[in-house]
Amino acid sequence: MPSVYVETYGCQMNLADTELMLGHLSGHGYYRTDTPETADVILLNTCAIREHAEARVLGRLAELAGHKRRRPDLRLGVTGCMAQHLRARLAERAPYVDLLVGPDGYRRLPELLAAERGERDPYVGLRLDPAETYADLVAAREPGVRAWVTVMRGCDRFCTFCIVPYVRGRERSLPGPALVEEVRRLAALGTREIVFLGQTVNAYHDGGWDFAELLRRTAEVPGIARLRFTSPHPSDMSPRLIDAIADCPIVAPQLHLPVQSGSDRVLARMGRDYTVAAYEALVARLRQRRPGIALTTDVIVGFPGEDDTDFAATEALMHRIRYDAAFLFKYSPREGTRAFRWGDPVAADEKARRLQRLIALQESISAEINRALVGDEVEVLVEGPARRPAGWMAGRSPAMKTVVFAGPATPGELVRVRVETSTSHSLTGLALRG
Ligand code: SAM
Ligand code: SF4
């Protein structure tokens with residue numbers, strides 16, 4: 001039986017896609033191996049969101065080329081967003097790559113792997129297919145307390161900086177009743193937490209159910225303790241969805257709500273169709289309807305045209321909102337996007353300075369928020385042994401914070417923990433029994 005080794009780069013959706021590919025390949029006689037040395041097929045499932053992500057993959061491919069020289073029968077493939085984005089150029093830069101398969105081509109993997117490679121060109125599966133949802137494929141999921149379930153694919157928003165709509169294609173949703181069935185199956189296998197995934201997950205609509213309906217129906221599945229989703233777009237946070245978040249206790253009190261910038265001028269140039277005031281009104285409504293909800297965000301610094309005043313507005317917004325955590329990025333021009341035409345006018349050292357300022361600001365806010373939790377009791381969904389100290393356990397709070405605690409506990413169990421110490425990234429405490 002041939003073996004396959006997959007390395008995954010980028011977001012949670014790519015991890016979910018890797019599970020999908022592995023499931024599909026196992027149905028065609030492949031088994032998974034965890035080392036490239038023993039693999040007949042090596043796949044890099046890639047990300048194209050920033051230049052850095054692509055550079056890492058090119059470096060890794062050059063390393064893996066050595067395996068290919070030693071074992072000419074080995075198949076080396078690049079799958080996912082970068083295969084779609086770079087296409088011909090990737091074949092030029094890494095001519096030893098046998099296979100290029102984009103996010104809508106995974107179904108063809110067994111067929112492409114079984115074919116003989118031509119003299120020069122790698123086999124390609126790069127057609128975007130607006131109907132492809134992989135609804136009938138069974139993912140090879142890593143066993144665990146939490147499972148990620150892709151509910152929609154693609155994106156129709158075309159933010160001016162973003163490559164996603166070009167490499168993942170148009171928005172499409174999986175059928176709601178089948179998703180609920182999938183969650184039921186996962187619950188029967190011991191999954192306690194579900195994370196619904198989509199690039200604009202709250203734009204979900206299967207023709208009958210919207211995202212609010214999907215949440216409400218899933219919340220009824222016995223055995224599931226927590227339900228999360230990522231990433232919602234602020235403009236798709238409908239009143240119906242806010243009602244569902246407020247009404248369903250198993251929907252975790254935590255929301256990743258990417259804002260990207262605190263300046264209206266920059267938001268407009270980014271094509272983010274909301275204003276800072278509208279975003280803050282949404283945050284106020286969420287906090288009113290679901291008290292204590294933890295918020296996280298994404299911010300890009302150094303977008304073309306972002307000046308000191310715009311940047312100061314982003315800092316001010318972060319001071320006002322006080323996110324629990326934030327993913328902070330330097331703008332990276334992506335060929336093919338609208339913003340690419342505007343160049344990259346903010347100097348690299350200025351981008352670095354702005355990024356460092358935001359990191360320092362967010363670290364101090366996160367540390368303050370977590371310090372305020374010392375003395376509180378939090379409910380922890382236990383995931384397994386902590387990396388350290390030895391003998392301690394680790395899990396997540398409802399707000400998705402990592403909690404390390406002393407005391408025996410079993411993965412999948414909900415344990416009450418009294419928080420004793422905190423950092424900007426985690427909480428430490430004691431399990432309360434009885
Ligand atoms: N769909 C999600 C949304 O709209 O919030 C996020 C998708 S993207 C995978 C994750 C984050 O990467 C974005 O929220 C954005 O902050 C960042 N990002 C996307 N394109 C970027 C670029 N060209 N340069 C830097 N960061 C970028
Ligand atoms: Fe990219 Fe914008 Fe779509 Fe998010 S909503 S994936 S940032 S285009």
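For ligands, and for the atoms within them, numbers begin at 1 and follow the listed sequence.
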message: With a 4.0 Å cut-off on heavy atoms, is Arg168 in contact with ligand 2?
response: no

- request: Identify, by atom number and element, the atoms of ligand 2 in contact range of His233, meaning under 4.0 Å from any of its heavy atoms.
  value: 5 (S)

field: For ligand 2, the portion of Phe161 having any non-hydrogen atom under 4.0 Å away
entry: side chain

task: Number the atoms of ligand 2 from 1 as they appear, then name those within less than 4.0 Å of a heavy atom of Cys155, with their elements.
output: 3 (Fe), 5 (S), 6 (S), 8 (S)

- request: For ligand 1, note which part of Gln199 has a heavy atom under 4.0 Å away: side chain, backbone, both or neither.
  value: both

- prompt: Should you measure from each heavy atom of Pro165, which atoms of ligand 2 turn up under 4.0 Å away?
  reply: 8 (S)

query: How does Ser231 reach ligand 2, if at all, at less than 4.0 Å between non-hydrogen atoms: by side chain, backbone, both, or neither?
result: neither

statement: Within 4.0 Å of some non-hydrogen atom of Phe158, the atoms of ligand 2 are 8 (S)

task: Among Arg168, Arg127, Arg172, Arg170, find the one that has a salt bridge (charged side-chain N to carboxylate O under 4.0 Å, His left out) with Asp104.
output: Arg172

- request: Examine the proximity of ligand 1 to Cys11 and report which part, side chain or backbone, both or neither, has a heavy atom under 4.0 Å away.
  value: neither

- prompt: Any N or O of Ile300 that comes nearer than 3.5 Å to an N or O of ligand 1?
  reply: no

task: Using a cut-off of strictly less than 2.8 Å, determine whether Cys162 has an N/O/S atom near atom 1 (Fe) of ligand 2.
output: yes

message: Has Arg217 got a side-chain atom pairing as donor or acceptor with Leu214's backbone, closer than 3.5 angstrom?
response: no

task: Provide the number and element of each atom of ligand 2 under 4.0 Å from a heavy atom of Thr200.
output: 5 (S)

- prompt: Which part of Phe161 is near ligand 1, with near meaning a heavy atom under 4.0 Å away: side chain, backbone, both or neither?
  reply: both

query: Taking the six-membered ring of Trp342, is the NZ or CZ of Arg269 close enough (under 6.0 Å from the centre) and on axis enough (within 45°)?
result: yes

task: Could you list the atoms of ligand 2 found under 4.0 angstrom from a heavy atom of Arg157?
output: 5 (S)

